[in-house]
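Step one of this worksheet: look at the structure below.
The shown structure was predicted, so the numbers you read here are calculated from the model rather than taken from an experiment. Numbering starts at 1 and runs along the sequence shown.
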Amino acid sequence: MPYNRRWSNIKNRIYLDHVFIAGISNVKNITASKFLKKWLPLGLIAGIAGGFVSILFYLSLITFYDISAFLISKHIAFYLILPPIGFVISFLILHYAKLDNIHPMDDLIKSFHNKEDKIRKYNWIPILFASTLSLGLGGSGGPEAPVSYMSASFTNFFSGLFKNIFNFSSIDKKTFVLSSIAGALGAIFKAPFGGAIFALEIPYSHDIESGSTIPALIAGVVGYLVYGGVVGFQPLVQIPYPQYTIVWIPFFVYIILTGVIAGLVSILIIKLINANNTFLKSLKKYNILLPVFIAGSLIAYIDLFEPYISGEGENVIYSLFDMNFNWVFIKNYGALALFWVILFLVIFLISKIMSTTITLGSGMPLGIFFPSLVIGSLIGEIVGLSFHLSNIGIDILVTVGMASVLAGTTKTPIASVLIITETVGIFTASIPLALGVIVSYILTGENTMNKSQLVKKGIEIDYDILKDLKVKDACRTNILTVSIDSTIGQAREIASKEYHVVIPVVIDNENSKKKVVGIIYTESLKKTSHGFDDKNIITIMQSHFDYVDMDKNLLDAYNLMVTRDIARLIVVDSKDKFKLYGILTMSDILSILSEKIE
């Protein structure tokens, strides 16, 4: 069917698979003082909220870790009992809270892009217990998804209050949500800048929400300070080698190889999570608890085989940095011994991938951060040992692997470099990290953990303005029309006067004034042979068309366009649904929004 090429190109460039206009930024007529007067206090509040929920998550997780360790110390059978129990109870918590199909980070992204998908203000409570219980009793996942969701849910308490105090628009609400996420991530990552950039990158796979940078940075720093004040400010991973410096160019070959392997493993992780999710969902027809029970039981046997892969797994990273394999080791123990060490690490890597993909595929409300670091560090260690690199060289590849897997799975390249740089506490690491991340990011292509990520940022819509405007305020009424009695040749002549994508076909006589009965596309006229010029216009007319009442508000019209993936609507009279009033296009909506903002 013919279509508006310009709109189609915009749609394909920005969103690829679907149309979504995200908003028009109100950047005009705003001063720095006004901006800071609003977002300095809001950034502080978002940061405090993020730090607070991160502390709650940490304390709850430590509690379940301690319970698990205590029970296992009493009897090894608890290795097999605790994970399925944890998964089942977590599922029941989510089920009765009506959150049993939740994917925290993806749902946050969907809520950010779609005003109708709201995060309820009390959701953070069941997410807190479900995530820490499943993780603390043996699951494999990261904290970034639950704490981000908890922070956004928690700050919903304040949104209604701030609407009047700070004159909140729909765009401001989105910025506040991102700021609350930045506060939580800056805290839980112990990386204020990386956490803020992660929050800005995560809504898109190839873009960043740059308009929210300052509030996100404020929240990230505040969240870090609040969280660090309770649990300490030491980096998550501390490298014991202070001589970590910029590497020689020949070493970049190993960095690129690590990035390639990390990218391939990232794709594998994403595919396995989706496959496990599909398979486990299919078991619900027998019993809703069966999928999580099976997933928990599989995790239990993996934990029994490799006890250190459960939970977040940061101890594995510490152990890898403490390993001292070098030429002295090979000389003393032989190459065969090194082979067995590498084989052990490969088995460990496979076990961690299985544990993580089963946990996340089962629907547990967890993220990928720590599993990415563990998996990436194992990749770097294996590559380094395989080429008999020095301890410093191996440590560099370990950090490159960590950042590369994180970037590959989440599509957050800038944040991944910043987070790992802040995490290891050595800023000269950024150059090799960036190279590995770029390779992994490019290799993974459109594969991502979060299906709701848009490809690029669109234009932000202020919904409050659209609600107050009518369709008749924005549509065009001086339009070309073609009579139902016209021939294709006559229609071609009318269309040549002025370019229109769509021309309404009307019955225009004394009894039926401008009664619209169909539409024709200009492209159809161009493609129709001149040999048909004597044929009636009905031959190429399309009798089905999308229309909207002239007195409907613009938000209804906009939502209709987005839902039906169209760029224009025929506007009809409110008193006579068949009488043509005009045409409304997406460009008309954007134009009137620009005028109102100015």
Side-chain angles (χ1 to χ4, degrees), residues 57 60-96 100 126-143 145-146 268-269 272-273 275-319 343-368 370-371 373-375 378:
F57 181 91
S60 180
L61 182 61
I62 291 298
T63 300
F64 287 120
Y65 275 155
D66 290 343
I67 292 172
S68 177
F70 172 77
L71 293 174
I72 290 172
S73 68
K74 295 299 181 182
H75 201 289
I76 195 171
F78 280 106
Y79 259 125
L80 300 177
I81 296 173
L82 291 179
I85 290 177
F87 277 39
V88 168
I89 296 176
S90 296
F91 173 80
L92 290 173
I93 291 172
L94 296 174
H95 180 70
Y96 287 108
D100 44 336
I127 291 294
L128 169 64
F129 290 107
S131 59
T132 54
L133 181 63
S134 58
L135 190 58
L137 296 189
S140 175
L268 177 65
I269 290 170
L272 286 176
I273 290 173
N276 288 334
N277 185 256
T278 301
F279 170 71
L280 291 171
K281 274 186 176 179
S282 68
L283 300 178
K284 281 189 175 182
K285 60 186 177 182
Y286 302 108
N287 188 294
I288 62 170
L289 297 179
L290 184 60
V292 288
F293 179 79
I294 289 177
S297 300
L298 291 172
I299 294 296
Y301 281 100
I302 296 173
D303 289 352
L304 186 63
F305 178 68
E306 292 282 8
Y308 294 103
I309 66 171
S310 63
E312 294 176 320
E314 67 272 26
N315 290 331
V316 175
I317 303 173
Y318 283 117
S319 300
L343 181 61
F344 168 79
L345 292 175
V346 170
I347 295 173
F348 201 97
L349 172 65
I350 294 171
S351 300
K352 185 62 178 177
I353 291 173
M354 290 174 59
S355 179
T356 301
T357 55
I358 292 172
T359 299
L360 298 183
S362 69
M364 292 299 102
L366 297 168
I368 195 69
F370 269 116
L373 302 197
V374 174
I375 292 168
L378 287 166

Sequence neighbours excluded and cut-off under 3.5 Å, please list the side-chain donor-acceptor pairs for residues 277-288, or say none.
{"from": "N277", "atom 1": "ND2", "to": "G361", "atom 2": "O", "distance (Å)": "3.0"}
{"from": "T278", "atom 1": "OG1", "to": "N274", "atom 2": "O", "distance (Å)": "2.9"}
{"from": "S282", "atom 1": "OG", "to": "F279", "atom 2": "O", "distance (Å)": "2.4"}
{"from": "N287", "atom 1": "OD1", "to": "L289", "atom 2": "N", "distance (Å)": "2.8"}

List the atom pairs, donor and acceptor, that lie under 3.5 Å between side-chain atoms in residues 87-94 and the rest of the protein, sequence neighbours left out.
{"from": "S90", "atom 1": "OG", "to": "G86", "atom 2": "O", "distance (Å)": "2.7"}
{"from": "S90", "atom 1": "OG", "to": "A130", "atom 2": "O", "distance (Å)": "3.0"}
{"from": "S90", "atom 1": "OG", "to": "S134", "atom 2": "N", "distance (Å)": "3.4"}

Please report, to 0.1 Å, the donor-acceptor pairs under 3.5 Å made by any side chain of residues 66-73, with sequence neighbours excluded.
{"from": "S73", "atom 1": "OG", "to": "A69", "atom 2": "O", "distance (Å)": "3.4"}
{"from": "S73", "atom 1": "OG", "to": "F70", "atom 2": "O", "distance (Å)": "2.5"}

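Looking at S131, its side chain does come within 3.5 Å of a backbone N or O of L128 through a donor-acceptor pair.
Between I269 and I368, the shortest heavy-atom contact is CG2-CD1, 4.2 Å. When all heavy atoms are compared, the tightest approach of P365 to I127 is CB-CD1, 4.1 Å. Minimum interatomic distance between P84 and G296 (heavy atoms only, all atoms of both residues): CD-O, 3.5 Å. Heavy-atom minimum distance, S362 versus A295: CB-CB, 3.5 Å. Closest non-hydrogen pair, S140 versus K352, comes out as OG-NZ, 2.8 Å. Minimum heavy-atom separation, F370 to P143: CD1-CD, 3.6 Å.
In this structure, CG on L133 lies 9.5 Å from CD1 on I85, to the nearest 0.5 angstrom. Here the CG atom belonging to N276 is positioned 9.0 Å from the CE atom belonging to M354, to the nearest 0.5 angstrom. Separation of atoms CD1 (I358) and CD1 (I353) is listed at 11.5 Å; rounding is to 0.5 Å. From S355, atom OG reaches atom CD1 of I350 across 13.5 Å, with rounding to the nearest 0.5 Å. Atoms CD1 and CG, from I299 and L82 in turn, are 13.5 Å apart once rounded to the nearest 0.5 Å. Once rounded to the nearest 0.5 Å, the distance linking OH of Y65 with CG of L135 reads 4.0 Å.
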